[in-house]
Amino acid sequence: MDTETPTHCPYCALQCGMTLRPVAGAPVAEVVERTDFPVNRGALCGKGRTAPAVLSSAVRLTGPLVRNAVSGVLEPAGWDEALGRIADALRATRAAHGADAVGVFGGGSLTNEKAYLLGKFARVALGTSQIDYNGRFCMSSAAAAHQRAFGLDRGLPFPLEDIPRTGCVILVGSNPAETMPPALRYFTELRANGGKLIVIDPRRTRTAEQADLHLAPRPGTDLALALGMLHLVVAQGRLDEEFVAARTSGWEDARAGVMAHWPEQVERITGVSVPQLREAVAMFCDADSGMVLTARGPEQQAKGTDTVGAWINFCLATGRAGRPLSGYGCLTGQGNGQGGREHGQKADQLPGYRKLTDPAARQHVAGVWGVDPDALPGPGRSAYELLDALGGDVRALLVMGSNPVVSAPRAGHVEERLKSLDFLAVADVVLSETAALADVVLPVTQWAEETGTMTNLEGRVLLRRKAVTAPEGVRSDLEVMHGLAALLGHGKGFPTDPEEVFEELRRASAGGAADYSGITYARIAAEDGVFWPCPGEVPGSVGPAPEKAGPEPEKTGPGPERCGPDTAEAGQSPAGAVHPGTPRLFLDRFATEDGRARFVAVTHRPPAEETDEAYPVVLTTGRVVAHYQSGAQTRRVAELNAAAPGSFVELHPRLAERIGVAEGEPVAVTSRRGRAVAPARITASIRQDTVFMPFHWAGEGRANSLTNPALDPVSRMPEFKVCAVRVEAGDGRSAGAGD
């Protein structure tokens with residue numbers, strides 16, 4: 001590396017812009033602020049600033065490892081031996097047990113090119129239906145609710161820059177002050193502009209401290225809260241009847257469920273008082289515009305799809321959707337959580353967000369791949385169901401970019417299932433807890449060592465550029481798939497050049513819901529990213545003139561039937577013009593067949609596991625500012641470890657007093673699935689009936705040893721955010737029933 005390279009952070013879904021600069025005599029580059037990138041405008045969190053530390057050969061894998069059959073120890077090996085072992089094992093498993101005995105588990109950190117090729121590799125080179133990824137644990141409930149209501153799933157239907165200009169934001173189960181700190185400025189700017197911020201979280205987080213109003217419901221009751229607030233909207237005559245009649249369907253069916261959740265009943269369920277409910281409704285409805293933004297809090301529940309659906313209903317009923325500076329959005333967590341699910345590594349999808357069960361979709365993608373549509377396998381198992389099947393129906397597994405030993409619910413059980421496999425191969429940057437169990441470990445390139453595209457939480461497709469050269473013994477995931485495919489008899493169709501893969505992705509996505517066909521590496525570089533959908537050509541007789549994500553003009557009337565900016569104000573351009581991308585969705589129509597948003601009738605139900613005498617306390621989980629996801633990379637950075645050296649149990653002073661623990665003393669948390677022990681962190685900022693644990697650590701403090709794998713029936717999202725636990729001090733005293 002001898003020049004500065006503009007690129008993007010390897011961590012969360014903001015994909016903050018940064019520049020890597022060489023440092024004379026230093027083993028890794030340094031990060032320089034990139035003030036010209038519109039998402040973060042130069043701001044970076046500690047994770048982004050220290051990201052180059054993981055590039056060091058001292059903390060990452062630099063050569064393949066294979067397990068010695070005699071000693072059971074992972075030992076260095078050459079690439080030919082490592083790839084040969086994997087190919088032999090996959091081939092033997094298929095021969096003995098069938099194609100679906102081989103599984104593939106991907107990740108939301110993989111670039112679009114990798115996610116696309118991994119889906120193709122599973123379905124073409126392996127012929128298996130058994131592929132899913134850890135993004136199922138991220139925003140799958142919001143994605144399912146998006147599809148039901150709007151006919152299209154994109155995390156945010158508007159750019160982040162619209163947030164400070166709206167009148168009121170309800171932030172549900174999100175703590176951007178710790179999960180994506182550069183995004184917090186959008187909410188502080190909102191308040192500086194006179195807008196209001198309502199935060200809904202069982203903890204008084206650093207984000208909640210910035211709010212005009214903080215509601216602290218009992219975990220698992222977000223659905224009831226949304227229904228109670230919508231009940232008040234109707235009862236107070238605040239329903240936007242004109243919008244509901246003109247742009248939605250299904251209100252009458254949804255209304256029946258809403259009116260069954262009167263405020264006093266909701267207060268008993270959630271613990272949020274009726275006056276607070278009324279204040280929240282007034283604050284939101286009195287504003288000229290408004291947004292509801294959800295994150296993992298309401299989504300990671302066994303009723304997450306319905307919970308998000310209830311908040312979408314709230315937006316629709318108040319006319320806060322499909323209009324400038326208004327709408328429902330999801331704050332995606334993983335770096336490529338958006339793009340990673342659009343192009344084929346989900347169990348039920350093909351590139352372009354096409355359904356695997358759609359004959360036309362199969363025909364199109366098979367044509368791009370040069371295979372018979374009938375040869376493509378059908379939908380497979382969702383993420384947890386795939387992990388639960390390991391060692392049974394699924395006998396061999398390839399993992400790319402994921403660490404389920406730490407990140408999966410009921411993690412102790414998942415760890416045992418991984419150990420029960422006939423064969424496990426893991427491709428990763430570091431020797432993660434999952435990689436440590438593998439028969440073969442492949443060292444792969446990471447963010448600054450490769451070029452590829454990512455799609456951030458706004459739906460903005462970005463170009464992450466190669467800035468440094470990887471160690472000699474390291475290969476890219478694309479090279480891994482190319483090598484394995486060749487050994488399995490597929491010498492063509494698996495390119496190693498990321499831009500060549502992206503060009504194929506463009507063709508495969510063309511005409512799909514997530515249409516990238518009009519996006520190129522050159523355009524991304526020139527335009528600070530391009531928002532999808534972006535067809536290769538503007539269809540019809542007119543199309544929108546090129547524009548950037550700037551101030552949205554006031555609408556003057558209905559425009560063409562598109563999910564994009566209103567051409568009445570944006571101007572016209574001839575058919576065949578370059579499509580500008582779509583920063584703002586749904587301003588003219590929703591992506592449903594009739595163009596109307598759909599209300600979905602939902603009703604509250606309790607968590608899959610309620611508290612009782614044996615397990616009287618609720619556990620909820622989340623992140624801390626210094627670490628990211630399973631911590632596989634951030635736990636290898638000295639500065640971040642110093643800031644957050646290990647797990648902890650956050651609990652209220654009264655609960656701490658009842659079980660007899662002081663600050664820093666060990667606390668044992670036990671659920672029906674496992675036990676975790678971590679130091680007490682005592683604070684009045686959490687509900688008395690709730691404890692919190694971060695999920696970044698393995699070992700004794702592994703929070704996901706406790707969590708419940710109960711699945712949402714639509715999204716197949718596990719119920720990470722609420723489970724019943726027993727909390728004890730070191731001497732065994734516990735919080736009993738009725739406390």
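Using a 4.0 Å cut-off between charged side-chain N and carboxylate O, Glu178 and Arg623 make no salt bridge. A salt bridge links Arg191 to Asp212: one of the charged nitrogens lies within less than 4.0 Å of a carboxylate oxygen. Using a 4.0 Å cut-off between a side-chain N of Lys or Arg and a carboxylate O of Asp or Glu, Arg203 and Glu650 qualify as a salt bridge. Salt bridge status for Arg238 with Asp286: present, with a side-chain N to carboxylate O gap under 4.0 Å. By the 4.0 Å N-to-carboxylate-O rule, Arg605 lies close enough to Asp306 to be salt-bridged with it. Using a 4.0 Å cut-off between a side-chain N of Lys or Arg and a carboxylate O of Asp or Glu, Asp240 and Arg323 qualify as a salt bridge. Using a 4.0 Å cut-off between charged side-chain N and carboxylate O, Arg341 and Asp132 make no salt bridge.
With hydrogens and angles ignored, the 3.5 Å screen pairs a side-chain donor or acceptor of Ser289 with a backbone N or O of Gly167. A donor-acceptor pair under 3.5 Å is absent between the side-chain atoms of Thr307 and the main chain of Asp222, judged by distance alone. One N or O on the side chain of Asn134 and one on the backbone of Gly108 form a donor-acceptor pair closer than 3.5 Å. At distances below 3.5 Å, at least one donor-acceptor pair connects side-chain atoms of Lys303 with backbone N or O atoms of Gly220.
Among residue pairs with one or both ends in residues 251-279, none qualify as salt bridge (Lys or Arg N to Asp or Glu O under 4.0 Å); sequence neighbours excluded. Among residues at least two apart or in separate chains, ring pair (Phe, Tyr, Trp, His ring centres under 6.0 Å) pairs with a member in residues 150-173 are His146-Phe150, Phe150-Phe586, Phe150-Phe590.
Between the CZ atom in Arg687 and the CG atom in Asp201 there is a gap of 11.0 Å [rounded to 0.5 Å].
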Exercise. Given side-chain hydrogen bond (donor to acceptor under 3.5 Å, both in side chains), test Asn456 with Gln338 step by step and report yes or no.
Key: CA-CA 6 Å; Asn456 80 345; Gln338 181 69 57; over 6 Å; no

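Under the 3.5 Å distance criterion, with hydrogens and angles disregarded, a donor-acceptor pair is assigned to the side chains of Ser382 and Glu385. Between the side chains of Thr207 and Asn175, at least one donor-acceptor pair of N or O atoms lies under 3.5 Å.
Residues Phe284 and Phe314 bring their aromatic ring centres within 6.0 Å.
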